[in-house]
Amino acid sequence: MTSDLATTDSPVLAVARRAREAAAVLAPVPRSAKDAALLAVADALVARSAEITAANAEDVDRARAAGTAESVIDRLSLTDERIAAIAADVRSVVGLPDPVGEVVRGYTLPNGLDVRQVRVPLGVVGIIYEARPNVTVDAAALCLKSGNAVLLRGSASAYRSNTALVAVLRDAVEAAGLPADAVQLVPGESRESVQELMRARGYVDVLIPRGGASLIRTVVEGSTVPVIETGTGNCHVYVDARADLAMAVGILLNSKAQRVSVCNSAETLLVHQDVAEDFLPLALEALAAAGVTVHGDDAVLKAAEGTAATVVPATDEDWAAEYLSYDIAAAVVPSLDDAVAHIRRWSSGHTEAIVTASQAAARRFTQLVDSTTVAVNASTRFTDGGEFGFGAEIGISTQKLHARGPMGLPELTSTKYIVTGDGHVRGEATPTVGS
């Protein structure tokens, strides 16, 4: 199948064509060559850090002048320390197993045919993402390791940062002997370039959107290229009747306030009524000290009396909100099942946590909650490719097809069957459906 852009001179189609050629070269490359390229990338990022931060400073200045929220500017900003951490993530990818060629299953049929299902690269992967230039490097590293060419379309707000980063990546990849076109920035800062990428079916094998609900919805609904859907993070922390309250405060604070601008930060607190009287004053004081505003139900509003907490009445919009700010919704629930019902109604399906000393409660919660990740006595902030041991991640998928949860190297592969015989031919048989 060819794209409806095939007869145009679109710059987007031009990079997609080059990516397809690079993907064909990259697919059979051995792990040693890919790892060498990734080590070259990590070294180049550190060596050219000043060049990258200078370009990033221009993006940050423009964002501040435009009145961009500080939480977004935090995601946009690069420092020498953050670049060093990004380079360290690339080096961690080097140490991961190469999924390409892995035998998912293999067997010999009664007729002697050998059948193997093996992992192969997806081909050309397009990433559409918002103001997080670290995604540029994470995506490129994971795509290279898994044998894919990558087309990077970040937001206009990070265009200078991404241009500088991709220049560093391409130079390093080419110096290591791999095609520079395995890593390309999609040209243009307008929505038209995004729409063209979404229509490049036949040249781009899959698109992965990373960002807010509006971006994801636009790509999912408007793309003719297959999409792996990532999701927003309306994550919950539920404090059970048998929770260790000190532990619960620590997990709540880390889940909410350790970094508020990311999709795995908690946006809703649910508290079992049996511990609400003891737990809520502790939690509200701790949240107040962290600068968090609580959007609470009537029980939470009452518990806030006499505390230093900033608490406002919650609405249905609050239960559905992904704040990405120093805000959290909070409610008291009669039971674990009521907590689950609340989560099933309002959650985005990303990450939910339970704090409990009861194995039975933990087991029931993990069985009933239908999200990509369910944490027991642990922060929601652990839902992350790096924390899960994947190195970097390409995104967190909240769909149920192909990939779910943090997406590492195996999720950037498809499979094919290799059937080996010795002159085997298929004989006639009684026709059956599908034969």
Side-chain angles (χ1 to χ4, degrees), residues 63-64 66-77 130-132 210-216 231-239 248-271 276 279-333 339 342-355 371 373 375 378-384 396 398:
R64 282 212 168 93
T68 303
E70 283 300 317
S71 61
V72 176
I73 290 175
D74 176 60
R75 286 183 286 173
L76 172 63
S77 299
E130 293 178 333
R132 293 185 65 181
R210 286 190 61 170
S214 176
L215 168 68
I216 294 166
T232 54
N234 181 12
C235 304
H236 296 71
V237 173
Y238 165 60
V239 179
V249 171
I251 288 172
L252 171 64
L253 279 180
N254 186 260
S255 296
K256 174 69 258 183
Q258 195 253 352
R259 193 174 180 191
V260 299
S261 63
V262 289
C263 63
N264 57 17
S265 63
E267 307 292 21
T268 300
L269 166 67
L270 301 174
V271 181
F279 176 72
L280 280 174
L282 299 174
L284 293 172
E285 290 284 4
L287 290 169
V292 177
T293 296
V294 178
H295 303 250
D297 67 0
D298 290 343
V300 174
L301 289 168
K302 182 177 181 180
E305 295 174 1
T307 72
T310 301
V311 183
V312 298
T315 66
D316 280 356
E317 287 73 20
D318 290 303
W319 306 129
E322 182 187 32
Y323 294 112
L324 301 177
S325 63
Y326 284 94
D327 294 87
I328 192 169
V332 174
V333 292
H342 181 106
I343 290 168
R344 292 182 73 93
R345 179 179 180 186
W346 298 108
S347 171
S348 61
H350 192 295
T351 301
E352 328 302 342
I354 179 174
V355 186
S371 294
T373 307
S379 170
T380 62
R381 290 282 287 117
F382 284 108
T383 305
D384 174 86
I396 296 175
T398 53

[X] side chain to [Y] backbone, donor-acceptor under 3.5 Å:
{"X": "D318", "Y": "A329", "answer": "no"}
{"X": "S255", "Y": "T380", "answer": "yes"}
{"X": "S348", "Y": "N234", "answer": "yes"}
{"X": "E267", "Y": "L324", "answer": "yes"}
{"X": "K302", "Y": "D297", "answer": "no"}
{"X": "S371", "Y": "T373", "answer": "no"}

Can you name the nearest heavy-atom pair linking [X] to [Y], along with the distance?
{"X": "G211", "Y": "L215", "result": "CA-CD2, 3.9 Å"}
{"X": "A248", "Y": "F279", "result": "CB-CE1, 3.5 Å"}
{"X": "R381", "Y": "N254", "result": "CG-O, 3.4 Å"}
{"X": "S265", "Y": "C235", "result": "O-CB, 3.7 Å"}
{"X": "V294", "Y": "A330", "result": "CG1-CB, 3.7 Å"}
{"X": "H295", "Y": "A314", "result": "O-CB, 3.4 Å"}

Could you grab the distance from atom [atom1] of [X] to atom [atom2] of [Y], nearest 0.5 Å is fine?
{"X": "L253", "Y": "I328", "atom1": "CG", "atom2": "CD1", "answer": "9.0 Å"}
{"X": "T68", "Y": "L76", "atom1": "OG1", "atom2": "CG", "answer": "8.0 Å"}
{"X": "T383", "Y": "E352", "atom1": "OG1", "atom2": "CD", "answer": "9.0 Å"}
{"X": "L270", "Y": "H236", "atom1": "CG", "atom2": "NE2", "answer": "5.5 Å"}
{"X": "E70", "Y": "S77", "atom1": "CD", "atom2": "OG", "answer": "8.0 Å"}
{"X": "L280", "Y": "T307", "atom1": "CG", "atom2": "OG1", "answer": "9.5 Å"}

Self-check item: Parallel, tilted or perpendicular: ring planes of H342 versus W319, cut at 30 and 60 degrees
Solution: perpendicular
| request: I would like to know whether W346 and D316 meet side-chain contact (heavy atoms from CB on, under 4.5 Å); could you show each step before the answer? | output: CA-CA 9 Å; W346 298 108; D316 280 356; 3.9 Å; yes
*Using only heavy-atom distances, determine whether the side chains of Q258 and S379 contain a donor-acceptor pair under 3.5 Å.*
no
Show, in sequence, the C-alpha distance, side-chain angles and deciding distance for V237 and T268, and conclude whether the side-chain contact (heavy atoms from CB on, under 4.5 Å) test is met. CA-CA 6 Å; V237 173; T268 300; over 6 Å; no
Assess whether side-chain contact (heavy atoms from CB on, under 4.5 Å) is satisfied between L287 and L252, documenting all intermediate values. CA-CA 9 Å; L287 290 169; L252 171 64; 4.0 Å; yes
I would like to know whether C263 and E322 meet side-chain contact (heavy atoms from CB on, under 4.5 Å); could you show each step before the answer? CA-CA 8 Å; C263 63; E322 182 187 32; 3.9 Å; yes
